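Take a look at the structure below.
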Amino acid sequence: MKKTARLLTALLSSFAFAAPRTADQIKASGTLKLATEGAFPPFNFYEGKVLKGFEIDLGEAIAKAAGLKVEWTVQPFDTLLIGLNQGRYDAVIASHAITPERQKAVDFLSPHYCSTVNLVAKKGGPVTEAAMKGKSVAVQVGTSQISRLKAIAGIGEIKTFPSDQANMQALMSGRTDAWASNGPVLAYMIKQTKLQNQLVMGPALSVERNGIAVAKGNKALQVQLDAALKKVLNDGTYLKLSKQWFGQDIRCK
Ligand code: ARG
């Protein structure tokens, strides 16, 4: 093929829509295509060139329980559910809170963990709902945390950034007064960057039930993966991974 023709083919296939694969097609291929973000530590992140985290380990464990290998796709958080319905991969594991709005677009397994939403600020800064009056906050684009923040009476500007790394930078450089995210992620990132002496985390604003998504109506796959998740939750695998990453069991009670 000529170079231009090859380029054109590559370009067209990158925009191609395919029907989501059925459970039978996935089984026949032997490989489950999972997508994540890779910038949400310690759930899904890169250490050098290695994709790591609780959700990476859990995704592998669920696939194994279903008799499948995993092929990972990593892309920006706010594009993950769109690619799912375009058939680019079979499921998404990226800490998506199960919300009624998202349930219109995709189907979720039962939650694989529960977590709080919290605010972080520099010492003396706003970390409670009451203190957010007129204050600005950095939050990741496309997250459920945005609607939680919008519900705070009198809140100042809600500024969205592509990732929690960018949110942290916005707070540190004084572009926002606070940073909102998933509690365990905030705690991990603060520790990782050794900013414990400069930053404080506030009490929980809410609790989110986070789940793995499959394409809307992909029922057989949803049932199969839910059974595999249940197995992992019950056979000790989940507890081992949760303790390893968090020192505690983070399943929804
Ligand atoms: N739980 C929040 C949500 O559902 C944040 C998830 C962010 N995930 C990520 N991989 N950055 O929107």
Side-chain angles (χ1 to χ4, degrees), residues 33-47 50-60 62 70 72-85 88-89 91-120 137-152 158-171 178-190 192-193 201-202 204-214 216 241-242 245-246 250-252:
K33 295 184 186 173
L34 285 179
T36 192
E37 181 203 22
F40 203 58
F43 292 97
N44 60 79
F45 64 106
Y46 275 99
E47 201 168 87
V50 187
L51 184 62
K52 289 184 117 182
F54 175 67
E55 289 183 313
I56 308 307
D57 290 348
L58 188 64
E60 299 273 352
I62 291 169
V70 180
W72 289 99
T73 297
V74 176
Q75 56 183 57
F77 180 73
D78 62 337
T79 67
L80 284 168
L81 298 185
I82 300 165
L84 183 62
N85 282 330
R88 289 174 189 272
Y89 29 77
V92 172
I93 179 162
S95 295
H96 283 88
I98 301 171
T99 64
E101 197 190 17
R102 284 180 179 150
Q103 280 172 318
K104 287 181 198 149
V106 297
D107 286 328
F108 284 98
L109 310 192
S110 2
H112 60 285
Y113 78 93
C114 274
S115 60
T116 58
V117 175
N118 303 69
L119 290 165
V120 160
V137 60
V139 64
Q140 185 177 27
V141 68
T143 60
S144 53
Q145 284 130 17
I146 298 170
S147 40
R148 178 63 190 90
L149 294 170
K150 281 184 181 160
I152 298 178
I158 298 170
K159 297 186 185 179
T160 55
F161 294 90
S163 67
D164 271 305
Q165 288 70 23
N167 291 337
M168 185 179 222
Q169 277 167 24
L171 172 65
W179 162 30
S181 187
N182 173 310
V185 172
L186 293 167
Y188 187 92
M189 287 180 68
I190 291 170
Q192 212 48 28
T193 49
M201 185 160 116
L205 295 179
S206 52
V207 174
E208 293 190 319
R209 299 163 78 245
N210 302 296
I212 296 167
V214 298
K216 191 78 199 156
L241 293 177
S242 184
W245 285 103
F246 304 98
I250 64 166
R251 80 184 70 197
C252 298

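Note that the coordinates shown come from a computational prediction; the quantities given were computed from them, not determined experimentally. In listed order, ligands and their atoms are each counted from 1.
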Subject >> Qualifying residues under ring pair (Phe, Tyr, Trp, His ring centres under 6.0 Å), relative to F77, sequence neighbours excluded >> reply: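 F77 satisfies ring pair (Phe, Tyr, Trp, His ring centres under 6.0 Å) with H96 only.
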
**OP:** Check ring pair (Phe, Tyr, Trp, His ring centres under 6.0 Å) between Y89 and all other residues, then give those that pass, not counting sequence neighbours.
**Re:**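 In terms of ring pair (Phe, Tyr, Trp, His ring centres under 6.0 Å), with neighbours along the sequence ignored, Y89 is linked to no residue.
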
Subject >> Under the salt bridge (Lys or Arg N to Asp or Glu O under 4.0 Å) test, residues paired with K33 that sit two or more places apart >> reply: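 Checked K33 against salt bridge (Lys or Arg N to Asp or Glu O under 4.0 Å); zero matches.
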
Original post:
Do L34 and T73 come close enough that some side-chain heavy atom pair is under 4.5 Å?
Top reply: no

**OP:** Test S181 against every option in D164, N118, T143 by the side chain to side chain donor-acceptor pair (under 3.5 Å) rule and name the one that passes.
**Re:** D164

Original post:
ligand 1: which residues have a non-hydrogen atom closer than 4.0 Å?
Top reply: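 Close residues (ligand 1, cut-off 4.0 Å): E37, F40, N44, F77, A94, S95, H96, A97, R102, Q140, T143, S144, Q145, E208, N210.
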
Original post:
Where is the tightest heavy-atom contact between Q75 and T79, given as atom of each residue plus distance?
Top reply: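 In this case the closest contact between Q75 and T79 is NE2-OG1, 3.1 Å.
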
